[in-house]
Amino acid sequence: MIKKEMPKDFLWGGAVAAHQIEGAWQEAGKGMSIADVMTAGSNLENRMITDGVLDNQYYPNHEAIDFYHRYRDDIQLFKRLGLKCFRTSINWSRIFPNGDDELPNEAGLQFYDDLFDELLKNGIEPVITLSHFEIPYHLYKAYGGFKNKKLIDFFVNYADVVMRRFKDKVTYWLTFNEINNQADGQHQLHTWTNSAVLVQPNENAEEVIYQAGLNELIASAKVVKLGHEINPDFKIGAMMAYVPVYPFSANPEDQMAASKVMERRYFYSDIHARGEIPSYTLAYWKQKGYQMSYTESELQALKEGTVDFIGFSYYMSATVTTQKIDDLTGYDIPDFPQAKIVKNPYVEASDWGWQIDPVGLRYVLNTVYQRYNLPLFIVENGFGAYDKQDDSGQIHDEYRIAYLKAHIQEMKKAILEDGVPVMGYTPWGIIDLVSFGTGEMEKRYGMIYVDKDNTGEGTLQRGLKDSFAWYQKVIQTNGQEL
Ligand code: BGP
């Protein structure tokens, strides 16, 4: 008999990140973070990473949506929406402005004390990411980012301070946001935001990224162990970007290619969940002659710091082939030259080319649960779109409702039919915010509109889209009414 009811304690929420909403980039002792030197891009043009902040550039994260000054009003909207939880991050550079400071910045700690108090006062559980692309810029300039093992200690020290300070306010923690997003080693934005690393021309991108990723995984494991000592009730999770990779055809070579490309991603969650470097990665490093640096005590730290759950983002799926298919526009996978990423002819795509595949979410929930036997938490899922206001200024975002409804339906099948334990669902960008990939405001995800455009013009006024009332009902009926 298939259960019809979702778990009573299911955490319906919404997700954002400090650097994409707070603004106040230099306020109250905050240092420059790596997000503060990323200029605005667009659907067609990449963001630039500048050397410091240049006078003649526009940096959308400097003000973002000014959540730092407006969070009390925004939390009233989250309460009206009925959120059970709210995922955001602590901006590391508010706490340690340079990352290697002796003492933390008290004003930065106080801001998050006030923010978490306001959430809890309104019955909303904080879900906190420790590093969501907000590494202090000085840790890049002085140390070269996470390819330098010194960053392990700086991160553990930062996590120690904030987990101790907020141990009675925050139960749910995530260590590194989408830690595997740097896997292909080519998208400079990914190596920058995940590791504060800019691969140099004389460096092997893949080798540098494996080392930086391994250092972050060691740091994450140390923080998991430390967190459980600070408060045994903490639930500390990994945070992965899962993009399932399908074979384009039943040609066995395509299946092998899909499996190998997935290994680049599973390297991260295998270590998070199993506490050891996977055999396929050790074999690959040997085959490539990579000189990776890790010690016996670091391997022991990995074993002792496995995560309590797997948090992950799900937006889209990908399709690969090794076949020479002329009419399919495919693009190379830098770290896997034998295959190409090609369009999946069975699914539609968003205006940014992200392939819309709700069934893929059910597939990820099943395959990841069967791989690790750990609870799962969908901490990002959303539909970026150009929203248009009607004559009265209302946004009828039925396309966003359709996207979220289809994904929630597949999530419910995984929970109610497939027996997968899912802790919660926090759609990405519950309020319009600065896009990470493009720096745009107009790639909107929110159920709450923010009046600001790609050039930074606007009143920052908030408004409720049609999807606000729709999601309110979803939460009120615990997922019954979609
Ligand atoms: C994920 C990030 C989020 C968010 C999301 C949407 O990779 O974890 O921070 O930005 O992508 O992507 P974008 O903002 O580029 O549309």
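In what follows, every heavy atom counts, from backbone to side chain, and hydrogens, waters and symmetry copies are set aside. In each ligand, atom 1 is the first atom listed, and ligand 1 is the first ligand listed.
- In this structure, S435 contributes its side chain and T438 its backbone to a donor-acceptor pair below 3.5 Å.
- Taken from CG in N98 to NE2 in H138, the straight-line distance is 5.5 Å, to the nearest 0.5 Å.
- Set against the non-hydrogen atoms of Y445, the atoms of ligand 1 under 4.0 Å away are 6 (C), 12 (O), 13 (P), 16 (O).
- By the 30° and 60° cut-offs, the orientation of the rings of F309 relative to F377 is tilted.
- Not a single heavy atom of E440 lies less than 4.0 angstrom from ligand 1.
- At a 3.5 angstrom cut-off on N or O pairs, K443 counts as close to ligand 1.
- A donor-acceptor contact closer than 3.5 angstrom links the side chains of R87 and N177.
- With a 4.0 Å cut-off on non-hydrogen atoms, W428 touches ligand 1 through its side chain and not its backbone.
- For atom 2 (C) of ligand 1, the nearest protein heavy atom (residue, atom name, distance) is E380 OE1, 3.4 Å.
- Here's the thing with H19: none of its N/O atoms is less than 3.5 angstrom from an N/O atom of ligand 1.
- Residue contacts with ligand 1 for S435 involve both N, CA, C or O and side-chain atoms from C-beta outward (heavy atoms, distance under 4.0 Å).
- Residue-ligand proximity, N181 to ligand 1, at heavy-atom distances under 4.0 Å covers atoms 7 (O).
- Using a 4.0 Å heavy-atom cutoff, H132 is listed among the residues neighbouring ligand 1.
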R264 vs E206, salt bridge (Lys or Arg N to Asp or Glu O under 4.0 Å): CA-CA, chis, key distance, verdict: CA-CA 10 Å; R264 299 283 190 281; E206 197 179 40; 3.6 Å; yes
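- Among protein heavy atoms, atom 15 (O) of ligand 1 sits closest to G437 N, 2.7 Å.
- Screening residues 447-462 for salt bridge (charged side-chain N to carboxylate O under 4.0 Å, His left out), with sequence neighbours left out, gives E63-K452, D74-R462.
- For the pair R165 and Y112, the cation-pi test (distance below 6.0 Å, angle within 45°) is failed.
- Taking atom 5 (C) of ligand 1 as the reference point, the nearest protein heavy-atom neighbour is Y315 OH, 3.3 Å.
- Scanning the protein for heavy atoms near atom 7 (O) of ligand 1, the closest one is E178 OE1, 2.3 Å.
- From the protein, the heavy atom lying nearest to atom 14 (O) of ligand 1 is F436 N, 2.7 Å.
- Figure legend: cation-pi geometry between K443 and W354, with NZ or CZ positioned under 6.0 Å from the six-membered ring centre and within 45° of its axis.
- Classified by interplanar angle (parallel below 30°, tilted 30° to 60°, perpendicular above 60°), the ring pair W92/Y158 is parallel.
- Residue W354 touches ligand 1 through its side chain alone, judged by heavy-atom distances below 4.0 Å.
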